[in-house]
Every structure is written in C-alpha cells, then in structure tokens.
Amino acid sequence: MKNAASLFGRYVFNDRKMQERLPKATYKALQKTIQNGEPLDLNVANVVANAMKDWAVEMGCTHYTHWFQPMTGVTAEKHDSFITPSGNGEVIMEFSGKELIKGEPDASSFPSGGIRATFEARGYTTWDPTSPAFIRDGTLYIPTAFCSYTGEVLDKKTPLLRSMERLSSQAVKVLNLLGKTDVKRVTTTVGPEQEYFLIDKTMYDKRPDLIYTGRTLFGAMAPKGQELEDHYFGSIKTRVAEYMRDLDTELWELGVYAKTKHNEVAPSQHELAPIFTTSNIATDHNELCMEVMKKTAEKHGLVCLLHEKPFAGVNGSGKHNNWSISTDSGENLLDPGKNPEDNLQFLLFLAAVVKAVDEYQDLLRITVASAGNDHRLGANEAPPAIISMYLGDDLGALVESIIEGKDYKSHKAARMETGVDALPDFKKDNSDRNRTSPFAFTGNKFEFRALGSSLNIACPNYMLNTMVAEELSEFYEALKDSSDLESDLRALVKKAFTEHQRIIFNGDNYSDEWVEEAEKRGLCNYKSLPEAMEHYIDKKNVDLFTSNGIVTEAEIHARYEIELEQYSKLLNIEALTMLDMAKKNIAPAVMAFAKELAQGVELKKSVSSSLSTFAEEKLLQNLSDLLEKFVKKTDELESAVKAAAEHTDNLDRAKYYRNTVFALMNELRELGDSMETETSAEYWPYPSYGEILFGV
Ligand code: ADP
Ligand code: MG
C-alpha cells in the first residue's frame, strides 16, 4: 500500500489545491466565504468553477454533479457532462460559476411532506463552499443544499448549516460578554463512530428479507451468538482486514479522516471512527463513508449492512455522535480545564447543554427515531428510549456542590500504577465511562449514543445546535445588563443546574429501576417512532425552530409527515416481504419436509409393522401443528396489511402499523423460527443465522 499521507485527499479539491490553482484574490475571497460565511460573488465562483473543472478533467473526469441530501434518507446526484459545443462540430470542456452555484433537479420526485404539489416541480441545489468538492468514479461531486422553487427547505444540510450559524452567533455574544472579544466565530465539531455488519454476498443474495428490507425477517438464533464476548476487539479475519484496508484507502483519498477500526460486539459486526471535524463536513463525510462502505464490500464479495437491527437476538448497529463546540482560536468550550469549579465560562456552556438536553429531551429522542432504531432503543443493548445525561463522578459532584451551595475541590487525576516495572505508569482519566448513557460527557465533548447506524447525522446535530443556541441566547439576555457579572453568572448556572438536575443520571440506564425512577422524574419514554414523532410538532418545539430561524412551521409539519409516511411505507415493505417468504418458500418447504416424513412412516410400515415410526410421527405432529398456526397467522397478517389503507391520517396509520401489523409480524416470525429449528436444513429455503453470521 502507498503511504497514507500521500494518498490523503487525492480526490478532493482541498485547501492546498485551491491555493495552487486559484489566483490569490480569488482564493482569499473564497476563504472569507468558507471561514466567515460571507456571501460569494459570481466572478469568484466563475474562477473557482474553471479551476475545479481543469483539475477534475486532468484527473479523468467527464461529468460533474450537485450532491445533496433530500429527505429520502440517502444522498442524491444528477450527473451532467462538462461538454459544450464549440461551434465547429466539436466540443470543449466547460463549467461556469453559475453551474457551480446552482443546479435544478426536479423537486417533485423528492419527499416534501405535502408542501409541494407534483406540478410544482422546480427545485434548486446551491453550492456549499464550506464542504470541499471531490471526485468519485470520473465525476466531480459538489456538496449542495436543496430547496424548492418557492424556497422551502427540502434537505438535511440547510437546517444544519443554519443551526451552526445560529449557535456561532449566540456563543460569540456570550463569549464577548465574558471578555473574549477576539472570538469572531464558534464551530460545532462532530466525530461519528459508525457500526456495520459485513456478510458474504452469496448468503445475502439468497435472503429476500435482506435484499428488500436490510434486515432478516425470519431466522432462528444460531447455537452461538455473542455470549462468549469473543468478537469485540477480537483479531480481525483476513478477508475483513483486506476490506478494511481498502475502505481506509478509499476514504483517505476522499479526504475522510478514517482513524479507528475494530470488531464490535456481535459476530460479523465492526466499527469505523474518523477523527472529528466541523459538523457540516463530518455529516458529508459520514454519508460518503456509508456509501463507500457498501461499494467497497461489493468488490470483496461482501455486503455491508447498515440497518440498525439486521439480526434478532444479537446486538444491532448504532452511531455515536461525539459533539463539541470550539472557537476560531481553537479553544474547546466544553473542556473543563484543570479547575472547572473556577472556570465560569465552561460552567456556563455546560449549564446550557444540561438545560437544553432536559428541555428538549423529546426532540433528541425524536431525531433518532426510525423504524430500524425502534428495534434497539430500550431493548437492552443500545441506550434506552429515555434521554438522560451522564457527567461522570467529578463533574457530577461539582454540579451537585453548586446546587447545594457547598465548596468543591476537583481531584487531581490519579496515576495508574501497573505494578510491573517494565510497563509505564500513566495518568488516569478523571472519570470512568458509562456505556449505558444516551448522552455522556467524555472529557471535553458529549457523546450522543442513541443514533441508529443508518441515520444521517445532520438531523441530530441541527437539533442539538439549535437547542443549545436557544439556551445561550436566553443566558445572554439574562446577563447582558448585569452590573456584577460574576455573581449573576454563578446564580444563573446554579439555577439551571437546580432546575434541570433530573436529566442527570449516572447509574445503569438498562435497569428496570431506572425506567421507574425516570417516570417519577417526569422524563419522557417514547418507545417507538409514532409515539415520539407525535411530539415533533408540539408548540415548544415549533417555537424553538422558528424563533431560531432554522425551519418554518410549514417545513416542520412537512418533516413530521415525511417521517411518519416513511415509517408506514417501510413496515409495509417488511410485511409484504414476510408474506412473500412465508407463502412462496417457508410453508412449501415445511410441507415438502412433512410429506417426506409421512412417506417415511408409510414406507417403514410397509416393510415391517414392528419398525418404530415414533421419531417421524412426533416430528410430523409438531410441524403440522406449527404449520397450521403459521398459515393462519399469515392470513391474519395479510388482512391486516390490506386494512392499513383505511387509515388515511399519517400518524394514525403509523400507529396502526406499529401496534397491529408489526405485532403480527413478530408472532409470525416466532412460528416461522420454531419451524426452522424443526426442519431439515436440506429443505429450509434460506441460509441460517449460523451460516450468515459466521460465514465470512
Ligand atoms: P472514545 O469514544 O473511545 O473516547 P475517542 O476519544 O477517540 O474515543 O473519540 C471518539 C470520537 O470522538 C472520535 O471520532 C474523535 O475524533 C471524536 N472527538 C474527539 N474530540 C472531539 C471534539 N472536540 N469534538 C467532536 N468530536 C470529538
Ligand atoms: Mg465512543
């Protein structure tokens, strides 16, 4: 393999290439836009477009595409070639500033939640200069935002960019008030840890459930699962290691800071974590990362599953959203420093996060809700559906002392003594980890752990940014005219911690006691997407987004409808796939095996009446009973799916899918899985969990 440093960013129109290829004035103007969000001039765009095109053509590109993140949950692209007729029957390669800045995909074919009629087709994509353009498969990709002709936001990037601006402006006001007048801009940073499964393509191809829904809808547990805890951080198999090496190379070439890779808890499960960067670039990179993961798998005869719960009974996949805030001078505002008790600036930002997470705990729950993630949250493996935060021993004790008005002295970090002379001693972290907390403080950042593996991280991040921006703006208003800033600030911090201490929980989030305790504290516990989504349009949430200028009320309602509609559609696809598998393959397979058993009985009897037919008859009886129930349940599910059409309201329909259709699917699955354990492998139409999970 080539030197990683020389590969890094090879396919990215990054800062170094801009410096090399752009006239100084253009480069400077573009930097002002990238660093300070200043509007961009068309003349500048023209020069940038031409330089980008020259570079892309040198790299073998023929096309460019605006790359955007509509509400479908996946990215979208429409490729145009650079060719322009030159008048003499030939072509030249051209790319104008106008083409760089604006694209016009048809907006009517993307989800709009009813704010657009199909005849209102026009939509625009707009270049996002803060995320660098890159090359994939002979095409120049330009990260863009997406809106409709009349300006409604139809994507995930726009609210994220707006929330970053909003947080920046509010944080800067607060910092200036505290005397940091040199701070001009504040950025949110994100490092998303991505989990995934890797399985053999030949197994995948035999499973319609994986093909249509990304998860197994039937499948009895293998004799071995994750109980030996031998996969997590286990040594990586050669085939997987080769995949990971390829993946790293591809990601590095695309400028993604892929850093850590290891095996995860479940068999066939792995993780990749990049080094953090700005929320916007981290989001684009995570989308890119998920795409590259899938494509690279194909080259290795593998399939990368990003579904939150591909296999029942073993851990599903999530994504940890590590989040922090830092200033343009590089100061991490969530770093407590050596003496957090005297670090009023830190305490103020901490208080803002604590207050935000408590007041908008429902939104944090809503933003990670998806049909796939419903299988994880609250199911004893991922964080629970109840949002709470973990501050660790030291910070927890500090907050408590502030609430109680007592003195506090922070502990010096202890040394870890290994007791072996040859092993170096080292400084211990100030607090242990709490793996069960959905929102944990980890030294100088918060780790939001409730995200599903396939989620676009723009959504949780724009919610997080917006709610913290809101608290900062309230804090600023409360402090701006203060004549004794220090004591007013201390009082404000104390008030925030006191009023919102219910959101802090350092214990085991998986325990039943916590569910009871959380209820007493009045924390919300929304177990499924429909239950959670209902609260998306609560007045306080609508007010938050509209007053901070992130999305309009109509856009929030549209997003609400889209989420609910997609949920019902996904469950409908799952139910139809199940019916198909049940009727076309599973029932016939069991019937064929039962027939063989019955014929076996007959045959034995014809040879000699003294031969025992006990085994065949017992199995036959058992299977016939199960099959009868299975076929009846299949009918029930089929009728239930048909009846879904009666529910016309999106919320009502989503609830129906959850409470009726999904419940029947689980019952049908249980019967199917029982039959699988009793049926000869020769007859069973699908690869088993054992073959899939241990097949790579
Ligand atoms: P762990 O979760 O084991 O503590 P790391 O400390 O390496 O692992 O961090 C996990 C992720 O958090 C990485 O993607 C890392 O880049 C990211 N991270 C570290 N510092 C920050 C920060 N200030 N802002 C956002 N993400 C961060
Ligand atoms: Mg982590």
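First listed ligand is number 1; within each ligand, the first listed atom is number 1.
Under the 30°/60° scheme for interplanar angles, the aromatic rings of Phe545 and Tyr536 are found to stand perpendicular. Note: His300 and Tyr243 have perpendicular aromatic rings, judged against thresholds of 30 and 60 degrees for the angle between ring planes. The aromatic rings of Phe8 and Tyr257 sit parallel to each other, their planes meeting at less than 30°, with 60° as the upper class boundary. Under the 30°/60° scheme for interplanar angles, the aromatic rings of Tyr141 and Phe134 are found to lie parallel.
Atoms of ligand 1 found under 4.0 Å from any heavy atom of Lys445 (numbered from 1 in listed order, with element): 4 (O), 6 (O), 9 (O), 12 (O), 18 (N), 19 (C), 20 (N), 21 (C), 27 (C). The atoms of ligand 1 that sit less than 4.0 Å from any heavy atom of Pro274 are 13 (C), 14 (O), 16 (O). Within ligand 1, counting atoms from 1 as listed, the ones closer than 4.0 Å to a heavy atom of Gly191 are 14 (O), 25 (C), 26 (N). Near Glu447, the atoms of ligand 1 lying under 4.0 angstrom from a non-hydrogen atom of the residue are 2 (O). Atoms of ligand 1 lying under 4.0 Å from at least one heavy atom of Glu193, given by number and element, are 2 (O), 10 (C). Atoms of ligand 1 lying under 4.0 Å from any heavy atom of Asn332, numbered from 1 in the order shown and given with element: 23 (N).
For ligand 1, the polar-atom distance check finds no N/O of Trp323 at less than 3.5 Å from any of the ligand's N/O atoms. By the 3.5 Å distance cut-off applied to N or O atoms, Ala273 is not counted among the residues near ligand 1. An N or O contact shorter than 3.5 Å is missing between Ile275 and ligand 1 by distance.
Looking at every heavy atom in both residues, Glu195 comes nearest to Leu306 through O-CD2, 3.9 Å.
Note: Tyr390 and Phe439 fail the aromatic proximity criterion, with ring centroids not under 6.0 Å apart.
Between Glu298 and Lys294 there is no salt bridge, since none of the side-chain N atoms of the basic residue sits less than 4.0 Å from a carboxylate O of the acidic one.
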